[in-house]
Every structure is written in C-alpha cells, then in structure tokens.
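Read the structure below first, then the notes.
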Amino acid sequence: MKLSNRITGLTDGGSDGWDIHYHARSMIAEGHPVAMLTIGEHDVGTDRSILEAMHAAALAGHTGYTLFQGNANLREAIAKRVSDRTELATAPENVLVVPGGQAGLFVSHIATCGDGGKALYIDPNYATYPGTIRAAGAEPVAVMARPDRDFQPDPRDIANAAEDARCLLINTPNNPTGVVYNRRTIEGIASVCRKNDMWLISDEVYDTQVWRGVHISPRTLAGMAERTLVVGSLSKSHAMTGSRIGWVIGPEEAIHHMGNLTTNTTYGIPGYIQEAGLFALGCGEDFEKKIAAPFRRRGKMVVAMIKKQNLIKAVPSDGGMYVMLDIKSTGLSGRDFAAHLLNERHVAVMPGESFGQSASGHVRVALTVADDILKNAVASLIEFATELALVNSDIKKRGVF
Ligand code: PMP
C-alpha cells in the first residue's frame with residue numbers, strides 16, 4: 001500500500017550518521033569494548049529521589065488521564081521557573097507541557113509553519129531538526145553557521161534566507177558545537193525576526209549547562225515575547241531523558257491552539273511523570289549544578305588535552321554536553337575519520353556531517369562517559385589523528401569499511 005509522502009520523506013533518504021553509533025553497538029554485542037562518545041545522555045540515571053516521587057505519585061492515584069495542556073500545579077511551577085530565570089513575567093497560560101523537548105519542537109513547527117511554510121534552521125543542527133520540520137508539514141531550509149565565526153550564526157545570512165520564511169529555529173547552548181550564542185548574535189537574530197515578521201523557535205534544552213558567559217533567552221528582548229516559542233525540557237537539566245517531559249513557552253493564543261493539538265495527538269502526559277517533574281523542579285539550583293558538573297569538568301579536560309597538540313582543534317565551547325573537534329588536518333572527512341577511529345581504535349564519535357554541512361571535517365565528542373574512559377578515548381583519538389596525518393596518502397588508498 002502506498003504510504004504518504006510526508007512519512008516516507010521524513011529522513012530525506014540520506015544517512016544521518018547514526019550508522020557509526022549502531023555499528024559500535026554491534027561491536028560491543030560481539031564482545032569488543034568500545035568507548036561510546038556518541039550519544040547525549042548522562043552516565044547517571046534519574047536521581048533516586050525523583051524516582052521515589054514518581055513511584056509515590058503513581059501509588060497515590062496519579063495514573064488516570066491528565067489535563068492535556070499539563071496539570072495546573074506543574075504549569076504554574078514551570079511559569080515561575082521561567083519568570084525567575086529570565087526576569088520576564090510568564091503565566092501558566094504561557095506554558096504547554098509536552099512529552100519532551102522533541103515534542104515541543106514538533107508542535108511549535110505545526111503551530112507556526114505547518115501548512116507548507118518555509119522553516120529556517122541553523123546548520124550545524126541537532127540531528128532531528130530537518131525531519132521534525134518535515135513531519136510538521138513544512139519545508140526545512142538550512143542557514144549555515146560557519147566555523148570561521150566559531151559557529152555563531154551571522155544574522156546577515158539569516159536575513160538573506162528570510163524572504164517568505166515563517167519561522168527560524170535556533171539552539172543555544174548548541175548541540176553539536178557546545179557554542180553559547182552571544183548577545184550580539186541573539187540581538188541580530190531577534191532583529192531579523194522582527195523585520196521579517198518571523199516566529200523564532202528557541203530550543204533551550206541545555207540552558208542549565210553554561211560554563212562561560214550567560215545564556216540569553218531571545219524571548220526576553222524587546223518585541224520578541226509575542227513571536228517566540230521557547231522549547232524547554234527536564235531531560236538534560238535533571239537527567240530525566242526517559243521520562244519524556246518538557247514544555248513550550250509562548251504567547252497565550254499560540255499555547256491555547258497548541259493545547260488543542262495535544263488534545264488531538266498525545267492526549268497529555270502521565271500524571272506520575274508530571275508529579276515527578278514538579279518534584280524535580282523543586283530540587284533547586286544546586287541539584288541542577290550537580291547534574292551539569294561532570295560535563296563542565298570533562299569538557300575542560302578534553303580541551304586541555306587537545307591544546308597540547310596542533311593537529312586537531314577544539315571548537316571554542318561554552319556549554320552543553322559535547323566538544324566538537326576540527327580534524328581536517330588529517331585529510332579525512334568527519335565520516336571517514338569516525339569510521340576508521342571506530343574500527344581501528346574502538347572509539348565511537350559522531351561525524352560532524354551528521355549535523356549538517358557546516359560541521360563537515362569535524363567530529364562530535366559526547367562528554368557522557370566516566371572521566372577515565374573519556375581521557376583514554378581522547379588520547380587514543382589524538383594518537384590516531386597524528387598517525388593518520390603522517391601516513392595521510394596511504395590511508396586514503398585503503399578506503400573505509
Ligand atoms: N533539542 C536538542 C538540541 C537536543 O539535543 C535534544 C536531545 N538530545 C532535544 C531537543 C530533545 O530532548 P528531549 O529529551 O527533551 O526530547
């Protein structure tokens with residue numbers, strides 16, 4: 001039977017780079033130890049206290065249908081969190097609770113450009129972005145953030161692509177680069193959105209992981225609250241990736257309509273998860289710092305190791321769970337480098353190309369394994385790159401798996 005173009009066209013037919021990750025997994029299954037620096041998931045599980053709150057909530061009867069937009073107490077707590085963090089008054093009516101940031105990205109695109117509109121996003125990008133935009137029925141158009149600008153997008157490039165665009169999706173702190181957009185970038189982006197009457201969808205799921213500088217939420221800038229949808233989540237900030245709980249913040253009218261979408265799609269999220277989310281939000285800033293601390297420490301460690309040699313360069317990263325490495329001097333693409341590194345050194349990293357064109361010649365290192373494993377893996381990566389550079393021409397002749 002024929003399937004819809006929308007469903008069959010989701011992935012664009014190309015490889016998304018996850019084959020390295022899956023190949024590494026199958027190597028592990030065959031008994032070869034592999035250092036997995038591919039995936040953005042904490043190496044600690046959800047804190048026991050949050051799980052206990054979840055368990056208690058389920059036993060107390062939070063097992064039935066919930067309010068589709070999110071329970072009142074949770075919407076209130078999220079509104080308070082956003083008001084406190086951004087100093088911009090935010091009401092429960094500005095909050096929609098969704099099953100994770102990913103669902104937030106989807107409803108935001110349906111709401112702003114789902115009827116075939118042109119949707120801009122910044123490349124390099126979190127791998128799901130183009131597929132999410134297509135799933136929402138819109139046309140994804142990439143705007144490159146260039147390595148020579150340390151991957152800070154140039155508002156002039158966005159302006160050049162803005163004609164007829166309905167929305168722009170940005171992500172700071174950024175996956176995959178770890179770059180935190182500075183005030184100039186954010187102000188420039190906001191100005192382009194205002195001038196071109198575009199929605200801004202701001203993915204801020206890493207907002208608790210900023211090591212240098214500050215996270216600026218563009219919704220706080222003049223004239224932006226009415227045209228910005230902020231996507232947030234407890235996945236990264238509270239190590240709750242599997243609980244699937246996040247939110248969208250936006251103008252009341254947009255949130256109302258997006259609430260109708262949840263009524264007709266996800267039908268709300270489980271009450272015991274919402275109660276656990278409420279408990280997690282109450283754990284405070286020290287708890288969030290504790291969850292973020294390993295990434296800060298490991299990022300620093302990796303950058304210090306990289307600085308000791310000249311072959312590989314680290315993209316200056318100020319936050320998030322990743323470090324991006326420029327490996328162009330080895331003569332290989334990010335893809336080929338990652339494939340060789342996996343086969344020959346049993347270290348799995350993501351090719352930059354899986355995050356878009358502008359990250360080609362790079363690999364992304366996830367800081368999500370224990371410090372000693374990460375240290376050995378990065379030492380091995382550096383050693384491998386050094387050998388590669390020496391026998392560059394030979395390696396090219398041998399090809400990849
Ligand atoms: N946005 C970005 C930039 C991400 O990296 C991720 C997850 N890796 C998500 C959104 C989705 O997160 P969630 O678990 O909240 O759906």
Side-chain angles (χ1 to χ4, degrees), residues 16-18 21 36-46 50 70 74 78 81 95-109 119 121-133 135-136 140 142 145 151 153 168-181 200-210 215 217-218 229-249 262 265-266 269-270 273-274 276-277 280-281 288 291-292 295 299 317-324 350 352 354-356 359 364-368:
D16 56 8
W18 284 103
H21 176 75
M36 294 291 279
L37 313 181
T38 44
I39 201 157
E41 182 152 43
H42 317 66
D43 48 328
V44 295
T46 303
I50 298 176
L74 180 59
I78 295 168
R81 175 188 180 79
V95 180
L96 177 71
V97 179
V98 289
Q102 182 58 49
L105 292 167
F106 179 63
V107 292
S108 298
H109 282 95
Y121 68 97
I122 306 294
D123 169 335
N125 54 278
Y126 173 46
T128 67
Y129 281 3
T132 305
I133 293 170
F151 290 107
L168 164 69
L169 168 59
I170 63 167
N171 169 223
T172 178
N174 186 265
N175 177 11
T177 60
V179 169
V180 176
Y181 291 179
L200 180 61
I201 300 172
S202 180
D203 179 343
E204 302 181 20
V205 301
Y206 293 97
D207 69 345
T208 59
Q209 301 179 356
V210 178
H215 168 67
S217 179
L229 298 175
V230 176
V231 175
S233 166
L234 292 177
S235 286
K236 312 293 179 181
S237 56
H238 291 74
M240 289 182 71
T241 48
S243 293
R244 314 309 305 133
I245 180 164
W247 54 81
V248 180
I249 309 296
T262 61
T265 52
T266 53
I269 69 166
I273 300 283
Q274 296 200 43
L281 286 172
E288 292 168 26
I291 298 294
F295 307 117
S317 115
D318 296 321
M321 296 163 92
Y322 317 95
V323 173
M324 194 86 157
M350 287 297 279
S354 31
F355 307 103
R364 187 193 76 172
V365 173
L367 307 167
T368 49

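Counting starts at 1 for both ligands and their atoms, following the listed order.
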Identify the closest protein heavy atom to [atom]: which residue and atom is it, and at what distance?
{"atom": "atom 14 (O) of ligand 1", "value": "S235 OG, 2.6 Å"}
{"atom": "atom 8 (N) of ligand 1", "value": "K236 NZ, 2.9 Å"}
{"atom": "atom 5 (O) of ligand 1", "value": "Y206 OH, 2.7 Å"}
{"atom": "atom 9 (C) of ligand 1", "value": "Y126 CE2, 3.5 Å"}

Return a yes/no value for Q102: is any of its N or O atoms, backbone included, closer than 3.5 angstrom to an N or O of ligand 1?
yes

May I ask you to check if ligand 1 and R244 share an N or O to N or O distance below 3.5 Å?
yes

Which atom pair, heavy atoms only, marks the closest approach of [X] to [Y]?
{"X": "L234", "Y": "A280", "value": "CD1-CB, 4.5 Å"}
{"X": "V205", "Y": "G101", "value": "CG1-CA, 4.4 Å"}
{"X": "P140", "Y": "P130", "value": "CG-O, 3.8 Å"}
{"X": "F151", "Y": "T177", "value": "CG-CG2, 3.7 Å"}

Near [X], which atoms of ligand 1 are under 4.0 Å from a heavy atom of that residue?
{"X": "N171", "answer": "3 (C)"}
{"X": "G100", "answer": "15 (O), 16 (O)"}
{"X": "G101", "answer": "13 (P), 15 (O), 16 (O)"}

Do side-chain atoms of T172 reach the backbone of Y181 as a donor and acceptor pair under 3.5 angstrom?
yes

From N175, D203, L169 - option closest to atom 2 (C) of ligand 1 by heavy atom:
D203

Heavy-atom side-chain contact between L281 and L74 under 4.5 Å
yes

Quiz question: by atom type and distance under 3.5 Å, do the side chains of E41 and T241 form a donor-acceptor pair?
yes

